[in-house]
Amino acid sequence: MALPFLPGNTFNDPTKRKYHLSQSLGYKNGYAVPARPQVGIGGEPLEVNQLSLAELDELNNKRPTLTYGQAKQPPPEDFVPAHVAFDKKVLKFDAFFRQTVHESPNEYYRVRPVCIFYYLEDDSISVIEPHVENSGMPQGKLIKRMRLPKNDQGDFWHWKDLNIDMNVNFYGKAFHITNCDKWTSEFMASEGIELNPPTPVPSDPYNESRKESAALRTFKTPSNFDKLRQFIELDRKVLRFYCVWDDRGSMFGEMRPNIIHYYLVDDTVEVREVHEPNDGRDPFPVLLSRQKLPKDRDNIEASFPSVVMEFSEHEIKEWYKPSDFKIGQTIYVFNRPFLIYDCDEFTKEYLFKKYGVRDFTPVEVKGRARDVPQMDLPPYNGFGSLEDSLRSCLSLVPQPPKKDFIKMLENDHKVLRFEAVMDSVKPEDKGRRFIISYRLADDMMTIFEPPVRNSGIISGKFLERTRVTKPGSQPDRPEFYEPQDLYIGATVQVFNHRFIITDADDYVRSYLESHQEDFPGVQKNYSFPCYET
């Protein structure tokens with residue numbers, strides 16, 4: 001049982017004789033070295049040190065402010081300026097830029113590799129192009145060492161802005177960074193910047209062409225089928241393909257028939273548009289003039305000056321060949337689709353012999369039939385001839401009616417003359433004699449009345465030269481008098497005037513005798529010598 005802690009109840013341990021503090025300082029090689037106390041008062045060992053090393057260091061450096069004043073601060077580190085810390089430390093980047101060439105027709109641009117040096121001591125940059133022997137261009141230091149502006153706000157390029165596979169703009173010239181050296185990559189990695197993977201430098205087309213020209217030349221025996229043989233064997237041999245251009249997807253578009261001509265002599269293509277009556281389009285037959293047709297016209301270099309130069313075989317990769325034209329296949333003529341649905345017999349024979357094509361089944365391409373309005377002709381008004389009035393209804397610009405020139409040449413100056421009397425109920429018209437002249441060249445009729453003295457009737461031309469219709473014929477479908485209708489005893493009605501033919505001249509008799517097969521049944525009205533009994 002423990003005794004209360006009261007005066008008289010405490011006992012001293014007679015074994016404890018050391019009541020001094022243990023030594024915490026010592027000397028080693030002439031220097032004061034602090035020692036950690038191991039035993040306490042009375043020589044009892046200290047099992048646990050209540051303070052850590054950091055707390056002990058803080059207690060050593062800290063002094064009571066009230067007693068001893070402000071605590072002393074540790075001395076600052078020595079200042080090292082940038083030109084000392086980063087002296088002779090330079091970041092090196094490999095880059096290139098494209099220089100456009102306007103003076104030479106053999107090249108469009110050149111790839112010029114450069115080295116970009118970034119000096120860490122003053123953040124300056126210099127661009128140096130390595131010297132190439134016999135390059136013909138001034139090389140070396142392109143941009144001298146200076147701080148380069150980044151934008152218009154007064155910012156300058158910093159090493160944190162640089163990375164691989166990116167473009168940097170120095171005074172309006174774009175440089176593409178492709179790689180860097182080992183020390184630069186280690187420095188950027190130590191600063192926490194992750195670099196992109198390196199990219200290759202593109203080849204210079206002009207240097208490649210120089211290497212090809214300087215390489216060992218090899219000669220190849222030309223083919224026996226050269227340009228001269230192609231001209232001799234394939235001249236005037238043209239493949240004809242029937243196709244349609246389906247433009248119904250656009251506004252007011254329609255399916256337009258076309259014909260593609262492929263000239264085998266020089267591998268050129270011509271596209272002709274097939275016009276239909278009243279299609280409403282201008283009469284331009286050639287949709288595409290004769291030229292070589294590229295498969296992909298847009299697959300060319302971006303640096304090619306297409307504004308001032310035409311495409312040639314160096315720019316176009318593929319051209320259309322006869323094997324590309326097949327029935328049922330769609331070809332694109334400058335981004336316009338043309339569906340081939342048939343071809344002619346020569347084309348079929350050529351494709352069979354040359355490429356072994358056997359299937360020439362035509363493709364049905366008829367679209368929806370258009371509603372063609374019915375043209376109603378107005379009735380004949382009696383002015384002029386029927387052919388002239390009909391021409392003004394068929395076109396906006398009337399053309400004269402077509403004539404039978406063969407008939408006009410064969411029957412030129414051939415006129416059949418008949419003598420006739422007027423059949424009238426009026427007594428004054430009885431006994432009037434007329435001469436009816438029928439022109440075989442144009443089937444026109446003229447009536448002339450010979451003068452008779454003291455008759456009281458004005459003689460002369462009774463009817464101008466005109467075509468006379470038969471009585472009872474419709475105005476829209478008139479029937480005109482023909483040579484077979486004129487014979488002795490026939491009645492001819494001319495504009496409500498009746499004439500009876502009483503006689504004919506000798507030329508009529510000889511003409512009917514020489515053309516008996518054209519006038520069956522008419523010879524009996526004439527007395528020919530060959531028919532006398």
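When reading the values below, keep in mind they use all heavy atoms of this one structure, side chains included, and skip hydrogens, waters and symmetry mates. When a residue number appears, it is its place in the shown sequence, counting from 1.
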For Phe156, does the CZ atom have more than 12 heavy-atom neighbours from other residues, nucleotides or ligands under 6.0 Å away?
yes

Walk me through whether Tyr118 and Ile116 qualify under side chain to side chain contact (heavy atoms under 4.5 Å, CB included).
CA-CA 7 Å; Tyr118 187 94; Ile116 300 176; 5.7 Å; no

Flag yes if more than 12 heavy atoms outside Lys407 fall under 6.0 Å of its NZ atom; otherwise flag no.
yes

Rounded to the nearest 0.5 Å, what separates atom CG in Leu162 from atom CD1 in Ile193?
8.5 Å

Checking Phe96 now: which residues fulfil ring-ring contact (aromatic ring centres under 6.0 Å, His included) with it, not counting sequence neighbours?
His176

Taking the side chain as C-beta and beyond, is there a heavy-atom pair between Arg256 and Asp247 under 4.5 Å?
yes

Show your reasoning for whether side chain to side chain contact (heavy atoms under 4.5 Å, CB included) applies to Met408 and Asp442.
CA-CA 7 Å; Met408 294 176 63; Asp442 51 5; 5.5 Å; no

Donor-acceptor pair, side chain of Asp359 and main chain of Thr361, under 3.5 angstrom
yes

Quick one: does any side-chain atom of Asn163 pair with a main-chain N or O of Glu194 as donor and acceptor, under 3.5 Å?
yes

Quick one: does Pro337's side chain get under 4.5 Å of Trp245's, heavy atoms only?
yes

Does some side-chain heavy atom of Lys182 sit less than 4.5 Å from a side-chain heavy atom of Glu186?
yes

Quick check: are there more than 12 heavy atoms from other residues, nucleotides or ligands sitting under 6.0 Å from NZ of Lys326?
no

To the closest 0.5 Å, what do you measure between CD (Glu133) and CD (Gln139)?
11.0 Å

Quick check on side chain to side chain contact (heavy atoms under 4.5 Å, CB included): which of Leu293, Leu287, Val271 does Ile260 satisfy it with?
Val271

About how many Å separate CG of Asp235 and CG of Leu264, when rounded to the nearest 0.5 Å?
10.5 Å

Side chain to side chain contact (heavy atoms under 4.5 Å, CB included) with Ser389: which residues, sequence neighbours excluded?
Tyr380, Asn381

From CA spacing to verdict: side chain to side chain contact (heavy atoms under 4.5 Å, CB included), Lys237, Phe346:
CA-CA 9 Å; Lys237 293 185 179 181; Phe346 172 76; 3.9 Å; yes

Where do Pro198 and Ile164 come nearest, in terms of heavy atoms and distance?
CA-CG2, 3.7 Å

Tell me whether Lys295 at atom NZ has more than 12 heavy atoms from other residues, nucleotides or ligands lying less than 6.0 Å away.
yes

Is any side-chain heavy atom of Val201 less than 4.5 Å from a side-chain heavy atom of Val111?
yes

In short, Phe360 meets Lys348 closest at the heavy-atom pair CZ-O, 3.4 Å

Working to the nearest 0.5 angstrom, can you tell me the gap between Tyr242 OH and Asp344 CG?
5.0 Å

Test item: Thr184 side-chain N/O and Lys92 main-chain N/O as donor-acceptor pair under 3.5 Å
yes

Val269/Tyr262 under side chain to side chain contact (heavy atoms under 4.5 Å, CB included): CA gap, chis, key distance, verdict:
CA-CA 5 Å; Val269 178; Tyr262 189 94; 3.6 Å; yes

Which heavy-atom pair separates Pro398 from Ser392 by the least distance, and what is that distance?
CG-CA, 4.0 Å

At what distance, to the nearest 0.5 angstrom, does CD of Glu270 lie from CZ of Arg240?
10.5 Å

Let me see the working for Asp266 and Arg290 under salt bridge (Lys or Arg N to Asp or Glu O under 4.0 Å), right down to the final yes or no.
CA-CA 10 Å; Asp266 54 357; Arg290 182 176 174 180; 3.2 Å; yes

How would you list, by chain and number, every residue that makes a salt bridge (Lys or Arg N to Asp or Glu O under 4.0 Å) with Glu315, sequence neighbours excluded?
none

Assert yes or no for the condition that the ring centre distance of Tyr320 to Phe325 is strictly below 6.0 Å.
yes

Distance in Å, Ile340 CD1 paired with Ile259 CD1, rounded so as to fall on 0.5 Å steps:
12.5 Å

Where is the tightest heavy-atom contact between Phe241 and Cys343, given as atom of each residue plus distance?
CD2-CB, 3.9 Å

Residues, nucleotides or ligands: over 12 heavy atoms within 6.0 Å of Phe334 CZ:
yes

Say whether, by atom type as modelled, one donor and one acceptor occur between the side chain of Asn258 and the main chain of Cys243 under 3.5 angstrom.
no

Crowding at CZ, Phe231 (>12 non-hydrogen neighbours, <6.0 Å)
no

Check: Ile143 and Ser126 side chains under 4.5 Å, non-hydrogen atoms
no

I need the single residue from Arg145, Lys89, Arg147 that forms a salt bridge (charged side-chain N to carboxylate O under 4.0 Å, His left out) with Asp122. Which is it?
Arg145

Just wondering, are more than 12 heavy atoms of other shown residues or ligands nearer than 6.0 Å to OH in Tyr27?
no

For Lys317, does the NZ atom have more than 12 heavy-atom neighbours from other residues, nucleotides or ligands under 6.0 Å away?
yes

Could you check whether any side-chain heavy atom of Arg272 comes within less than 4.5 Å of a side-chain heavy atom of Val286, counting everything from C-beta outward?
yes

Who pairs with Phe175 by ring-ring contact (aromatic ring centres under 6.0 Å, His included), at least two apart in sequence or on another chain?
Phe97, Phe170

Side chain of Asp282, backbone of Phe284: donor and acceptor closer than 3.5 Å?
no

Looking at every heavy atom in both Lys173 and Asn169, which two are closest together, and how far apart are they?
N-OD1, 3.2 Å

Just say parallel, tilted or perpendicular for the rings of Phe187 and Phe86, cut-offs at 30° and 60°.
perpendicular

Are the side chains of Asn106 and Ser209 in contact, using a 4.5 Å heavy-atom criterion?
no

Just to verify, what does Arg110 make a salt bridge (Lys or Arg N to Asp or Glu O under 4.0 Å) with, not counting sequence neighbours?
Glu107

Would you find a donor on one side and an acceptor on the other, under 3.5 Å apart, between the side chain of Asp324 and the backbone of Lys321?
yes

Side chain to side chain contact (heavy atoms under 4.5 Å, CB included) with Gln230: which residues, sequence neighbours excluded?
Phe225, Lys227, Leu234, Asp267

Smallest separation among heavy atoms of Pro322 and Tyr350, with atom names:
CB-CE2, 4.4 Å

